[in-house]
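Worth saying up front: this structure is predicted, and the values here are computed from it rather than measured.
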Amino acid sequence: MDLIPLSFLLLGALSVSAVYTADEIIFMPGLAKQPSFRQYSGFFTVPGGRHLHYWFVESQKDPSSDPLVLWLNGGPGCSSLDGLLTEHGPFLIQPDGLTLEYNNYSWNKIANVLYLESPAGVGFSYSDDKNYKTNDTEVAHNNYLALKQFFQLYPQFSKNDFYITGESYGGVYVPTLAVEVSQDSTINLKGIAVGNGLSSYENNDNSLIYFAYYHGILGSVLWTELQKYCCVGGSCQFHNNPDGNCSLRVQEAMHDVYSTGLNIYNLYESCPGGAPGEVRDKGDHIVVYHPGMVSPHLLKHWNTKLVSLLVIQKPIRMDPPCVNSSATRTFLNNLFVRKALNIPSDVQGWEVCR
């Protein structure tokens, strides 16, 4: 009598094991030596027929007890695989677009790291109906549902300390997701972290003007005029100031920051890609170096520029400024790499931002 339930238990165990290993990356192209840690790549399906791609790398130290970290790139609309392959992942893409080198400063030296491409339409993530219209609330909820699926597939990590991290528009993605996760007692949320984050246009604009002046980007004449038209009693308002003279000076200051070839993500580094707002004709396509969700005033200007490009009969690709994603794009669109990452053949090609 006990054989029947035992057989079901065995089948259940085999089933769980099959689910767990189905997404495992067996061989990673581009590496001279395969990694000693396990890694996985697959999709989480959320409502609306949307499939969010993930790449999960286990810790090189002690996966069973080390923290679990979720990483989200910003944009909005930029791939978290850029973070994996050019920032803090276990391997870094090389200029040839074919080879990878191990990263001595990888986060997975001490943590299990989950890289999630979100929302649908970003990177390898896709929607069955090709409808990619969304909002911050929906993105947060879908990311939460993706997390729940992660813990179903990898239940051994459900008790690990969990952290939500990101950059840029992650200033919105991270806290909105944290609100949902914090209400789920089954997830051991310990903290959040955001680098170079955008969470408030007002705070962003006000702090940027001070930053630009104190770093020598704005001249003394412009700074004096900003003080004259935008400040009252020592309190300055550079964001949506109703004074027209103030708005003109703020636009001039924004131009000095965003349109003169400076690296807006790291002022002290060179700008290996195009400057913000720059348009480059690559022959078979047009590349627009879009700075993402900056000041609404600048965003309106960029959108006008994009509309003007529609008359050109070439595909338009969006890249973040001062970022050269050519090598990463070449690598991730390689057929052998796509197969290693378990990407179906009918899924769109990878782009760093969309």
Side-chain angles (χ1 to χ4, degrees), residues 72-78 82-83 86-88 136 164-176 178 191-278 288-305 318-323 353:
L72 300 168
N73 268 82
C78 293
D82 184 53
T86 69
E87 296 178 309
H88 44 66
D136 294 333
I164 305 173
T165 65
E167 67 182 15
S168 185
Y169 202 72
V172 174
Y173 289 156
V174 170
T176 52
I192 66 174
V194 178
N196 197 30
L198 171 65
S199 58
S200 164
Y201 290 119
E202 181 175 358
N203 290 339
N204 194 67
D205 286 356
N206 285 331
S207 62
L208 179 64
I209 299 299
Y210 284 108
F211 178 89
Y213 174 66
Y214 292 129
H215 285 77
I217 298 174
L218 308 182
S220 58
V221 173
L222 176 56
W223 177 247
T224 299
E225 293 179 342
L226 284 164
Q227 295 282 298
K228 177 180 178 180
Y229 295 117
C230 304
C231 306
V232 178
S235 177
C236 302
Q237 179 61 32
F238 303 115
H239 175 79
N240 280 349
N241 193 306
D243 188 307
N245 288 314
C246 173
S247 296
L248 287 174
R249 272 62 179 191
V250 169
Q251 288 180 27
E252 185 178 346
M254 292 291 188
H255 176 272
D256 291 347
V257 173
Y258 288 109
S259 302
T260 54
L262 297 174
N263 188 327
I264 65 172
Y265 299 120
N266 187 350
L267 183 61
Y268 304 109
E269 291 291 338
S270 60
C271 183
E278 185 177 345
V288 178
Y289 292 91
H290 195 292
M293 299 297 283
V294 294
S295 169
H297 299 294
L298 284 175
L299 188 61
K300 182 178 180 181
H301 169 71
W302 302 137
N303 289 340
T304 301
K305 178 177 286 190
M318 305 290 287
D319 270 11
C322 301
V323 172
C353 297

Undergrad: Shortest non-hydrogen contact from Y173 to G77?
TA: OH-N, 3.8 Å
Undergrad: Could you give the distance from CG (D256) to CG (L262), rounded to the nearest 0.5 Å?
TA: 8.5 Å
Undergrad: Using every non-hydrogen atom in the two residues, find where G261 and C271 come nearest and quote the distance to one decimal.
TA: O-CB, 3.7 Å
Undergrad: Quick check: do V172 and L198 have side-chain heavy atoms less than 4.5 Å from each other?
TA: no
Undergrad: Looking only at heavy atoms, what is the nearest atom pair of G170 and P175, with distance?
TA: O-CD, 3.6 Å
Undergrad: List in chain and number order the residues that pass side-chain hydrogen bond (donor to acceptor under 3.5 Å, both in side chains) with T165, two or more places apart in sequence or in another chain; answer none if no residue qualifies.
TA: none
Undergrad: May I ask you to check whether the SG atoms of C230 and C236 are separated by less than 2.5 Å?
TA: no
Undergrad: Does D243 have any side-chain hydrogen bond (donor to acceptor under 3.5 Å, both in side chains) partners at least two apart in sequence or in another chain, and if so, which?
TA: none
Undergrad: So which atom in A253 and which in I209 form the shortest heavy-atom distance, rounded to 0.1 Å?
TA: CB-CD1, 3.7 Å
Undergrad: Under 3.5 Å, is there a donor-acceptor pair between the D82 and T86 side chains?
TA: yes
Undergrad: Check whether any side-chain heavy atom of D205 sits under 4.5 Å from a side-chain heavy atom of V250, and report yes or no.
TA: no
Undergrad: Taking all atoms of both residues into account, what is the closest heavy-atom pair of V174 and I192, and its distance?
TA: CG1-CB, 3.6 Å
Undergrad: For the residue pair N263 and C322, what are the closest heavy atoms and their distance?
TA: CA-SG, 3.5 Å
Undergrad: Table please: side-chain donor-acceptor pairs of residues 212-227 below 3.5 Å, with sequence neighbours left out.
TA:
from	atom 1	to	atom 2	distance (Å)
H215	ND1	F211	O	2.8
H215	NE2	Y268	OH	3.2
T224	OG1	S220	O	2.8
E225	OE1	R249	NE	3.1

Undergrad: Could you work out, with side chain to side chain contact (heavy atoms under 4.5 Å, CB included) as the rule, every residue matching S200, not counting sequence neighbours?
TA: E202, N203
Undergrad: Does any pair with a residue in residues 196-227 pass disulfide bond (SG atoms under 2.5 Å apart), and if so which ones, sequence neighbours excluded?
TA: none
Undergrad: Just to verify, what does C78 make a side chain to side chain contact (heavy atoms under 4.5 Å, CB included) with, not counting sequence neighbours?
TA: C353
Undergrad: Is a donor on one side and an acceptor on the other found under 3.5 Å between the side chain of S247 and the backbone of N241?
TA: yes
